[in-house]
Novice: 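This is the structure, below, for whatever I ask next.
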There are 2 protein chains.
Amino acid sequence: MGVEGTEPGTVRPGGRTARVRAAVLQATGDTLTEQGFAHLDLADIARRAEVGKTTVYRRWGTVTSLVADLLVDMAEQSLPRTETGSLLGDLKANARLVQRTLAAPRQGALFKAVIAAATCEAKTAEALHRFYDIRVKEWAPCVQQAIDRGEVPEGTDPHEVIRAVSAPLYYRLLTTGESLDEAAADRAAEAAATAARAGAYLRGV
Amino acid sequence: MGVEGTEPGTVRPGGRTARVRAAVLQATGDTLTEQGFAHLDLADIARRAEVGKTTVYRRWGTVTSLVADLLVDMAEQSLPRTETGSLLGDLKANARLVQRTLAAPRQGALFKAVIAAATCEAKTAEALHRFYDIRVKEWAPCVQQAIDRGEVPEGTDPHEVIRAVSAPLYYRLLTTGESLDEAAADRAAEAAATAARAGAYLRGV
DNA sequence: CAATTAACGGAACTGGAGTACCGTTATGGG
DNA sequence: CCCATAACGGTACTCCAGTTCCGTTAATTG
């Protein structure tokens, strides 16, 4: 008598199961970048991944659920931040990283697609939130260092500053047709640094 | 001999045709807010709008195309901006307006859905870009007035400042689970005003 | 106020997404 | 190394989104 609440793939996650997951997530990423979120269907994913259609439906069930798992996978691949010694330098490094990612045709399309998927289901949204939470936490220390140096007022929320760097880049990506160049990245970093120094991101005021 | 290139609904746009469009766009908005972009299909829209399924497929054809038309409709309903006499006051009014819109359950879900749809097709994306372009242009004059008063340096891009107010609100809506409160709106306006005064949005540097 | 025909809408059809069933493979524990 | 069974995958089926066809309604023109 097996317990009902066990999800497929959790009891024997090694070997074949892991290979299937890798192939399916790979195919999902490819399809999302090529065709976008709207034309995504599980039967097509199964064909691309050269995996049984039944397997995909059993393990993931829906398109949004599949993207949620892709986001878990993406969250695990974290790239370390660079340190320059100044707040503006660190924020610019962050802004350039985000800008390069979003401007790259493949990566940019993928990010747009996972954001779209996240608007459709709570579970997927949660996975996306966790993804960004990890990225923000990775970079927050550079703001804390600036606070310690006295460059930024005590009580500033580091997370909020990091988010302020990315926000205009994402906003531009989604709501305008203009390209994301390095100038946009630098402007985002400078604006965030200036506002942070002026105490615009004081926590809980 | 009719010219091939005429889209249905353009030759006799009055009466019944207009009623059908209104009913379909209404149903589209309702469905987007209730079920999100993923579960949208034209047959369901036709049922809700109490309109022939054939009509919907003939006039719009695809889900993304339908959302593009919805965005054209949304762009036409413009609300006038308020004027307070100071840059910070105007930006706060704008931020509060955006925040209230996105925080409202119905409107917030709708905006998420149209953004998702816009990531899936060029035509829909263009309609979204035009929508935001109109909104930004509506509010840009308040920045120009601040430039004229000498509050903000000459050469500042007014559009960029207005976008800087909305950006963190949208970023928060899409990438975090946190609620959009008035404090977030005020913070966004203050950060943008501070950065603008410091010359962070100088054009073409 | 006809006449023309754009646009709508019902009915019947089709292809493929999603489901059910069951045999096969190979993982992980003993 | 072997057994129990988790997980995969082929086949056959269902159901409905999307299409085709054609008759009906009503928006425009003179």
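Here the structure is a predicted model, which is why all the values come from computation and not from measurement. Sequence lines set the chain letters: A, B, ... in the order given, protein chains first and strands last, and positions in each chain run from 1.
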Novice: Specify the separation, in whole Å, of atom CD of B:E50 and atom C1' of C:dC8.
Specialist: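 Distance, rounded to whole Å: 15 Å.
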
Novice: Give one of base, sugar-phosphate or nothing for B:T10, where a contact means two heavy atoms less than 4.0 Å apart.
Specialist: sugar-phosphate

Novice: Would you please name every residue forming a side-chain hydrogen bond (donor to acceptor under 3.5 Å, both in side chains) with B:T156, sequence neighbours left out?
Specialist: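 For B:T156, no residue satisfies side-chain hydrogen bond (donor to acceptor under 3.5 Å, both in side chains) once neighbours in sequence are set aside.
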
Novice: Can you sort out the partners of A:R81 under salt bridge (Lys or Arg N to Asp or Glu O under 4.0 Å), two or more places apart, ordered by chain and number?
Specialist: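 Expected list: A:E83.
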
Novice: Assign a letter to each nucleotide of nucleotides 13-18 of chain C from its 5' end: B, base within under 4.0 Å of a protein heavy atom; S, sugar-phosphate only; -, no contact.
Specialist: ----SB

Novice: Looking at A:E178, I'd like to know if its CD atom is crowded, meaning that more than 12 non-hydrogen atoms belonging to other residues, nucleotides or ligands lie closer than 6.0 Å.
Specialist: yes

Novice: What residues, two or more places apart in sequence or in another chain, satisfy side-chain hydrogen bond (donor to acceptor under 3.5 Å, both in side chains) together with A:Y132?
Specialist: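 With neighbours one apart ignored, the set is A:Y170.
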
Novice: Hey, is CD on A:E76 packed in by over 12 heavy atoms from elsewhere, all under 6.0 Å?
Specialist: yes

Novice: Please enumerate all residues that pass salt bridge (Lys or Arg N to Asp or Glu O under 4.0 Å) together with A:R106, with sequence neighbours excluded.
Specialist: A:D30

Novice: In degrees rounded to 10°, what angle is found between the helical axes fit to the five outermost pairs at each end of the helix from C:dC1-D:dG30 to C:dG30-D:dC1?
Specialist: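 The value is 60°.
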
Novice: For B:K92, give me all partners under side chain to side chain contact (heavy atoms under 4.5 Å, CB included), at least two apart in sequence or on another chain.
Specialist: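 For B:K92 the side chain to side chain contact (heavy atoms under 4.5 Å, CB included) partners, ignoring immediate neighbours, are B:L88, B:D186, B:A189, B:E190.
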
Novice: Using whole Å, what does the distance between atom P of nucleotide D:dT19 and atom CZ of B:R58 come to?
Specialist: 12 Å

Novice: Please name all residues satisfying salt bridge (Lys or Arg N to Asp or Glu O under 4.0 Å) with B:R16, sequence neighbours left out, ordered by chain then number.
Specialist: none

Novice: Identify which one of A:V20, A:D41, A:V51 satisfies the side chain to side chain contact (heavy atoms under 4.5 Å, CB included) criterion when paired with A:V56.
Specialist: A:V51

Novice: Within residues 23-30 of chain B, which residues have any heavy atom lying less than 4.0 Å from an atom of DNA chain C?
Specialist: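 Those residues whose heavy atoms fall under 4.0 Å from DNA chain C, taken from residues 23-30 of chain B, amount to none.
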
Novice: Would you mind reading off the distance between B:W60 atom CH2 and C:dA7 atom P, rounded to a whole angstrom?
Specialist: 12 Å

Novice: Only counting residues at least two apart or in another chain, list the ones meeting side chain to side chain contact (heavy atoms under 4.5 Å, CB included) with B:T101.
Specialist: B:Q107, B:F111

Novice: For C:dG9, does OP1 or OP2 lie under 4.0 Å from any side-chain N or O of B:T55?
Specialist: yes

Novice: Got a sec, which pairs hit side chain to side chain donor-acceptor pair (under 3.5 Å) with one end in residues 59-75 of chain B, sequence neighbours left out?
Specialist: B:R21-B:D69, B:W60-B:D69, B:T62-B:T64, B:T64-B:E121, B:S65-B:K123, B:D73-B:Q77

Novice: Under 4.0 Å: is that the gap between some side-chain N or O of B:T54 and OP1 or OP2 of C:dG9?
Specialist: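 So the side-chain polar atoms of B:T54 never come under 4.0 Å of the phosphate oxygens OP1 or OP2 of C:dG9.
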
Novice: Should we count CD of A:E154 as having more than 12 external heavy atoms under 6.0 Å?
Specialist: no

Novice: I need the A:E160 CD to A:R203 CZ distance, nearest 0.5 Å.
Specialist: 10.0 Å

Novice: Please encode protein proximity along nucleotides 23-30 of chain D as a string of B, S and -, counting only heavy-atom distances under 4.0 Å.
Specialist: --BBBS--

